[in-house]
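Data first, discussion second: the structure below is written as structure tokens.
Given the structure is predicted, the values throughout are model-derived calculations rather than measurements.
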Amino acid sequence: MALRRPLLKSFLLFFSLGFLIACQGDQVFDQTSNMGEQGWTQKNQISYPFEIKDLDKSYRLFVALRQSNDYPFNNFYFIPKVLGSDGKIIKQALAEAILYDPKSGKAKGEGLGDIYSHKFLIFKQLKFPKKGKYSLQLSHDMRTDTLAGIISIGASLVPNP
């Protein structure tokens, strides 16, 4: 077991670096927050600031999640909120992610070992009312306060072609 933890950490570092290199491009932002060994607590709302400079474009918002087999449920509810600089909600949703097949118990997403990565399209045609600063807030909406097995959560905002 002592050898397994350093290998897991090395894999996670390698995977994260590869993901960052592969995802560079024309996105407005692409950020990830690691949850640590304790998992994701409900009081820990994730916030990503960004700036919109082009009002002629519409944008796609993606949320990325990495989880381990320590995650105790087959689904995951979370709330993405896009806020203006004044704190008013521009757009929000209640999203459900199915992480395991409910019948077979087989994990969905890309994975190696007991770590799985998922990417979900949340908004396909997100428009902004004015240029300026905005933020994305992510919170989980599960009945359990602390979600074991959630390794990281992130988001990216990409202009539509």
Side-chain angles (χ1 to χ4, degrees), residues 8-9 11-53 58-100 107-111 114-160:
L8 179 61
K9 286 183 180 181
F11 168 74
L12 290 175
L13 178 64
F14 178 74
F15 180 79
S16 297
L17 289 174
F19 183 74
L20 287 174
I21 291 169
C23 291
Q24 290 179 353
D26 63 347
Q27 63 262 37
V28 175
F29 77 91
D30 184 1
Q31 296 182 346
T32 302
S33 298
N34 290 321
M35 297 295 111
E37 291 185 23
Q38 78 277 0
W40 191 5
T41 61
Q42 271 187 335
K43 65 182 175 185
N44 182 12
Q45 285 194 0
I46 308 301
S47 183
Y48 299 127
F50 61 94
E51 187 172 353
I52 294 297
K53 297 178 182 178
S58 65
Y59 298 86
R60 292 173 287 159
L61 177 71
F62 294 94
V63 171
L65 172 74
R66 282 189 330 176
Q67 48 86 212
S68 71
N69 280 335
D70 293 334
Y71 186 73
F73 307 105
N74 71 341
N75 64 347
F76 173 65
Y77 289 99
F78 61 99
I79 301 171
K81 291 181 193 174
V82 178
L83 304 171
S85 60
D86 58 0
K88 290 185 180 178
I89 296 173
I90 305 296
K91 186 104 175 177
Q92 83 173 28
L94 173 62
E96 179 185 18
I98 305 298
L99 305 180
Y100 294 92
K108 295 184 173 202
E110 302 284 320
D114 67 345
I115 307 292
Y116 300 94
S117 298
H118 312 268
K119 187 173 182 179
F120 307 101
L121 176 60
I122 304 301
F123 301 125
K124 291 194 296 190
Q125 296 286 328
L126 188 58
K127 295 284 281 182
F128 293 90
K130 60 184 181 179
K131 293 180 183 181
K133 297 187 183 293
Y134 292 86
S135 66
L136 171 69
Q137 283 186 351
L138 296 171
S139 57
H140 79 72
D141 196 36
M142 299 294 287
R143 293 180 185 175
T144 304
D145 176 61
T146 302
L147 293 176
I150 300 294
I151 296 168
S152 67
I153 186 92
S156 59
L157 187 67
V158 181
N160 280 314

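Atom CD of residue Gln92 and atom CZ of residue Phe123 lie 8.0 Å apart, to the nearest 0.5 angstrom. With rounding to the nearest 0.5 angstrom, the OG1 atom of Thr146 is 6.5 Å from the NE2 atom of His140. Note that CD of Gln137 and CD1 of Ile46 are 10.0 Å apart. Values are rounded to the nearest 0.5 Å. Here the NZ atom belonging to Lys127 is positioned 12.5 Å from the NZ atom belonging to Lys91, to the nearest 0.5 angstrom. Atom CH2 of Trp40 is separated from atom OG of Ser33 by 9.0 Å, given to the nearest 0.5 angstrom. Considering OH of Tyr48 and CG of Asp30, their distance stands at 9.0 Å, rounded to 0.5 Å.
Leu138 approaches Ala155 most closely through the heavy-atom pair CD1-CB, 4.4 Å. Closest approach of Leu83 and Ile89 over heavy atoms only: CD2-CG1, 3.5 Å. The shortest heavy-atom contact between Asn34 and Ser152 is OD1-CB, 3.5 Å.
Put simply, the side chain of Leu147 does not reach to within 4.5 Å of the side chain of Gln67, judged on heavy atoms. Considering only heavy atoms from C-beta on, Leu65 comes within 4.5 Å of Leu99 through its side chain. Looking at Pro129 and Tyr134, their side chains come closer than 4.5 Å, going by heavy atoms from C-beta outward. Counting heavy atoms from C-beta outward, Leu136 and Leu157 have side chains that stay 4.5 Å or more apart. Looking only at side-chain heavy atoms (C-beta outward), Met142 and Asn75 come within less than 4.5 Å of each other.
Heavy-atom neighbours of Glu110 CD from other residues, nucleotides or ligands within 6.0 Å: at or below the threshold of 12.
Listed for the His118 side chain is no donor-acceptor partner under 3.5 Å among the backbone atoms of Ala97.
Here the two rings, on Phe76 and Phe78, have centers that are under 6.0 Å apart. Remark: aromatic rings of Tyr71 and Tyr100 are distant, center separation not under 6.0 Å.
Partners of Ile79 by side chain to side chain contact (heavy atoms under 4.5 Å, CB included), not counting sequence neighbours, listed by chain and number: Lys81, Leu94, Ser139, Asp141.
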